[in-house]
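Report on one structure; see the data block that follows.
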Amino acid sequence: MKELLWTVPALPFLGALILITLGTRLPRVLVSTVGVGSVGLSALITVFIGVDFIYYSPEPFHQVLWNWMEVSGFNASFAFTLDALSLTFIFVITFVGFLIHIYSTEFMAEDQGYSRFFAYLNLFVCSMLILVLADNLVLMYLGWEGVGLCSYLLIGFWYEEKQNGDAARKAFVVTRVGDTAMAIGLFMLFDIFDTLTIQDILTQAPQVWSVGSQTAMIV
């Protein structure tokens, strides 16, 4: 079942894609079916993956989907790693996300931006899943940026009201500061370890850094 790991973030992304392209032409019942159903299926698959991981093969599972970029010896794959920590996170994200989607079907029932809201919410879930499953820090950064984008879109969802637009812009600026600091940290890590694969860094770090290393703290 762990081979289905890629579908956990893919289903909410597919739901977001459908709602972005066709949402305004779909009846609300289909919008909610796509929005809620995609995350619900993701949560169900997570259950099967969790049972497989916990009871049958609890060792970390790596899944490489494709080679994302390769530049001058630097390689970053679109790849996921499932371990006990990431499994815990995808349980929380898919199940809490599923409950939020169900609640939103009634809360947003009369809103004109019904399909737009579920498209943002689906994309938010997908981004969070990529963030916690990423095999390397470049892919994690992509998930982080997706979370930041969706936060901006959802905070400013009712953008006709000035205070909502202001709050969204404030969130956007604050997260850009975080993005810049994180990017600097990634450059430093690559300069030190010559890789941004998370497991490789974890393996090398004890040999490179002593306990209480100031460089590690700065990164």
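Put simply, CG on L19 and OG on S32 are 9.5 Å apart, with the number rounded to the nearest 0.5 Å. A distance of 11.5 Å separates OG1 of T94 from CG of L41, quoted to the nearest 0.5 Å. Distance check, rounded to the nearest 0.5 Å: CG of L5 to CZ of F53 gives 11.0 Å. In this structure, OG1 in T7 is found 11.0 Å from CZ in F48, a value given to the nearest 0.5 Å.
Two residues are said to be in side-chain contact when any heavy atoms from C-beta on lie closer than 4.5 Å; M1 and V51 fail this criterion. Between V138 and W68 the shortest side-chain heavy-atom distance falls below 4.5 Å.
Side chain of K2 to main chain of Q63: no donor-acceptor pair is present (N/O by atom type, distance under 3.5 Å, no hydrogens or angles). Without hydrogens or angle criteria, R28 side chain to Y114 main chain gives no donor-acceptor distance under 3.5 Å. Side-chain atoms of R116 never come within 3.5 Å of backbone atoms of Q112 as a donor-acceptor pair (strictly under, hydrogens ignored). Distance alone, capped at 3.5 Å, is enough to place a donor-acceptor pair between the T21 side chain and the L17 backbone.
Linking Ile, Leu, Val, Met, Phe, Trp and Tyr residues whenever their side-chain heavy atoms come within less than 4.5 Å leaves V219 and M217 in two separate clusters. Hydrophobic clustering places L65 together with M69 (ILVMFWY residues linked when any side-chain heavy atoms are closer than 4.5 Å, directly or through intermediates). V36 and L44 fall within a single hydrophobic cluster, where Ile, Leu, Val, Met, Phe, Trp and Tyr are joined by side-chain heavy atoms under 4.5 Å apart, directly or via other members. Hydrophobic clustering (ILVMFWY, side-chain heavy atoms < 4.5 Å, transitive): L4 and L82 are in one cluster. The cluster map of Ile, Leu, Val, Met, Phe, Trp and Tyr, joined by side-chain heavy atoms under 4.5 Å apart, puts M188 and V177 in different clusters.
Taking each heavy atom of P12 and S38 in turn, the nearest pair found is CA-OG, 4.0 Å.
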Please table the atom pairs, donor to acceptor, closer than 3.5 Å between any side-chain atom in residues 189-212 and protein atoms at least two apart or in another chain.
from, atom 1, to, atom 2, distance (Å)
T195, OG1, T197, N, 3.1
T203, OG1, Q199, O, 2.9

Return a table of donor-acceptor pairs under 3.5 angstrom between the side chains of residues 126-135 and protein atoms on other chains or two or more places apart.
from, atom 1, to, atom 2, distance (Å)
S127, OG, L123, O, 2.9
D135, OD1, T81, OG1, 2.8

For residues 140-156, please give each side-chain donor-acceptor pair under 3.5 Å, one per line with the distance, not counting sequence neighbours.
from, atom 1, to, atom 2, distance (Å)
Y141, OH, D179, O, 3.0
W144, NE1, D179, OD1, 2.5
E145, OE1, R176, NH2, 3.4
S151, OG, V147, O, 2.8

Show me the side-chain donor-acceptor pairs of residues 96-104 shorter than 3.5 Å, one per line, residues at least two apart or across chains.
from, atom 1, to, atom 2, distance (Å)
H101, ND1, G97, O, 2.8
H101, NE2, N122, ND2, 2.7
S104, OG, I100, O, 2.7

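Within the structure, no pair that satisfies the salt bridge (charged side-chain N to carboxylate O under 4.0 Å, His left out) test touches residues 46-59, not counting sequence neighbours.
No more than 12 heavy atoms of other residues, nucleotides or ligands sit less than 6.0 Å from atom CD of E106. Within a 6.0 Å radius of CZ in F13, other residues, nucleotides and ligands contribute 12 heavy atoms or fewer. With a 6.0 Å radius and a threshold of 12 heavy atoms from other residues, nucleotides or ligands, E160 has its CD atom above the threshold.
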Before giving the answer on side-chain contact (heavy atoms from CB on, under 4.5 Å), spell out for I45 and L11 the whole-Å C-alpha distance, their side-chain angles and the decisive distance to 0.1 Å. CA-CA 10 Å; I45 292 170; L11 286 168; 3.6 Å; yes
Please report the C-alpha distance between K162 and D166 in whole Å, then the side-chain angles of each, then the deciding distance to 0.1 Å, and finally whether the side-chain contact (heavy atoms from CB on, under 4.5 Å) criterion is met. CA-CA 6 Å; K162 184 178 182 301; D166 291 343; 2.7 Å; yes
Report the C-alpha separation of N67 and F78 in whole Å, then their side-chain angles, then the decisive distance to 0.1 Å, and conclude whether the side-chain contact (heavy atoms from CB on, under 4.5 Å) test is met. CA-CA 6 Å; N67 190 29; F78 207 101; over 6 Å; no
Set out, in order, the CA-CA distance, both residues' side-chain angles and the distance that settles side-chain contact (heavy atoms from CB on, under 4.5 Å) for I90 and L87, then state yes or no. CA-CA 5 Å; I90 64 174; L87 178 62; 4.1 Å; yes
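Ring-plane geometry between F95 and F91 is classed as parallel, the angle between the planes falling under 30 degrees on a 0 to 90 degree scale with a further cut at 60.
Residues D111 and W158 bring a donor and an acceptor atom of their side chains to less than 3.5 Å of each other.
Taking the ring pair (Phe, Tyr, Trp, His ring centres under 6.0 Å) definition, one finds that F157 meets it with F117, sequence neighbours left out.
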